[in-house]
Peer 1: 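Attaching a single structure in structure tokens format; questions to follow.
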Amino acid sequence: QVQLVESGGGLVQAGGSLRLSCAASGRTFSSYAMGWFRQAPGKEREFVAAISWSGGSTYYADSVKGRFTISRDNAKNTVYLQMNSLKPEDTAVYYCAARTHTIVVVTRALYDYWGQGTQVTVSS
């Protein structure tokens, strides 16, 4: 069983930055691909970013490419999402997800564990 706990959400003005963190339990964290997803009110949960077990490969949704950066620290069992140049349309609950496989995917259904989410609100 893997437990994921997100933190770092909050209220920020457009153009600002936030860094989300996701702390994971379990000794095999370093072998998992990790992802961030988000869900805005009335919308489906969508892919934001993903990272391979080593951190050597990263993937981003087109809507956040160039503004968001995913990274991980396997020694701390933590994955991060640095969000810069935030826009009102980035407002959503952000979820961390773990896939008990080394191959990175962007498909929500292929992730095995989810955190409880953290709210990010960007004001205009």
Peer 1: Hey, does the side chain of N77 reach the backbone of F29 with a donor-acceptor pair shorter than 3.5 angstrom?
Peer 2: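 No, the answer is negative, given that no donor and acceptor are paired below the 3.5 Å cut-off.
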
Peer 1: Less than 4.5 Å apart, side chain to side chain, heavy atoms only: is that true for I51 and W36?
Peer 2: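 No, every pair of side-chain atoms sits at 4.5 Å or beyond.
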
Peer 1: Roughly how far, to the nearest 0.5 Å, is the OH atom of Y80 from the CE atom of M34?
Peer 2: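 If we round to the nearest 0.5 Å, M34:CE and Y80:OH are 11.5 Å apart.
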
Peer 1: State which residues pass side chain to side chain contact (heavy atoms under 4.5 Å, CB included) with S25; sequence neighbours excluded, sorted by chain then number.
Peer 2: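 S25 satisfies side chain to side chain contact (heavy atoms under 4.5 Å, CB included) with Q3 once adjacent residues are dropped.
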
Peer 1: Measure across L20 and G9 and return the closest heavy-atom pair with its distance rounded to 0.1 Å.
Peer 2: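 Minimum heavy-atom contact is CD2-N, 3.6 Å.
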
Peer 1: Closest heavy-atom contact between A14 and S124?
Peer 2: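 It is CB-CA, 4.4 Å.
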
Peer 1: So, Y111 versus F37, ring centres under 6.0 angstrom or not?
Peer 2: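 Centroid distance Y111-F37: below 6.0 Å, so yes.
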
Peer 1: Please give me the minimum heavy-atom distance between A49 and L81, naming the atom from each residue.
Peer 2: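 Between these two residues, the closest heavy atoms are CB-CD1, 4.1 Å.
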
Peer 1: With a 4.5 Å heavy-atom cut-off, do Q119 and L11 have their side chains touching?
Peer 2: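 No, too far: nothing below the 4.5 Å cut-off.
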
Peer 1: Would you compute the distance between atom CD1 of I70 and atom OG of S52 and round it to the nearest 0.5 angstrom?
Peer 2: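 One gets 9.5 Å once the value is rounded to the nearest 0.5 Å.
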
Peer 1: side-chain hydrogen bond (donor to acceptor under 3.5 Å, both in side chains) with R19: which residues, sequence neighbours excluded?
Peer 2: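 Scan of R19 (side-chain hydrogen bond (donor to acceptor under 3.5 Å, both in side chains), adjacent residues dropped) gives none.
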
Peer 1: So R99 and V105, side chain to side chain contact (heavy atoms under 4.5 Å, CB included) or not? Walk me through it.
Peer 2: CA-CA 9 Å; R99 182 164 190 255; V105 296; 3.5 Å; yes

Peer 1: Determine whether a donor-acceptor pair (N or O, by modelled atom type, separation under 3.5 Å) exists between the side chain of Q116 and the backbone of V5.
Peer 2: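 Flag not set: sc Q116 to bb V5 has no pair under 3.5 Å.
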
Peer 1: Y95 versus L4: any side-chain heavy-atom pair under 4.5 Å?
Peer 2: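 Contact flag for Y95/L4 side chains = no.
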
Peer 1: Hey, does S21 have a side-chain heavy atom less than 4.5 Å from the side chain of K76?
Peer 2: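 They are not in contact (no side-chain heavy atoms under 4.5 Å apart), so the answer is no.
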
Peer 1: Quick one: CD on Q39 to OH on Y94, what's the gap to the nearest 0.5 Å?
Peer 2: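 Reported value, rounded in 0.5 Å steps: 12.0 Å.
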
Peer 1: Please lay out, stage by stage, how Y60 and T69 fare under the test side chain to side chain contact (heavy atoms under 4.5 Å, CB included).
Peer 2: CA-CA 8 Å; Y60 298 93; T69 302; 3.8 Å; yes

Peer 1: If we ignore hydrogens and angles and just use 3.5 Å, is the side chain of T121 paired with the main-chain N or O of T91 as donor and acceptor?
Peer 2: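 No, the answer is negative, given that no donor and acceptor are paired below the 3.5 Å cut-off.
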
Peer 1: Is the charged tip of R72 near the ring of Y32: under 6.0 Å from the six-membered ring centre and within 45° of its axis?
Peer 2: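 No.
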
Peer 1: Quick one, D90 and R67 - any side-chain contact, counting heavy atoms below 4.5 Å?
Peer 2: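 In short, these two side chains touch, coming nearer than 4.5 Å.
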
Peer 1: Report yes if the side chains of L86 and F68 come closer than 4.5 Å at any heavy-atom pair, otherwise no.
Peer 2: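 Yes - at least one pair of side-chain heavy atoms lies under 4.5 Å apart.
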
Peer 1: When you compare the side chain of V12 with that of M83, does any pair of heavy atoms fall below 4.5 Å?
Peer 2: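 Side-chain contact under 4.5 Å: no.
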
Peer 1: Can you tell me if R45 uses its side chain to pair, donor with acceptor, with the backbone of R108 under 3.5 Å?
Peer 2: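 No; zero donor-acceptor contacts below 3.5 Å.
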
Peer 1: Between K65 and D62, is the closest basic N to carboxylate O distance under 4.0 Å?
Peer 2: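 K65 and D62: salt-bridged.
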
Peer 1: Is there any disulfide bond (SG atoms under 2.5 Å apart) pair reaching into residues 8-105, and which pairs are they, with sequence neighbours excluded?
Peer 2: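 Qualifying pairs, neighbours excluded: C22-C96.
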
Peer 1: Between S17 and N84, what is the shortest heavy-atom contact and its length?
Peer 2: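 Minimum heavy-atom contact is OG-OD1, 2.9 Å.
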
Peer 1: If we only count heavy atoms from C-beta on, is the W53 to V104 side-chain gap below 4.5 Å?
Peer 2: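 Side-chain contact under 4.5 Å: no.
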
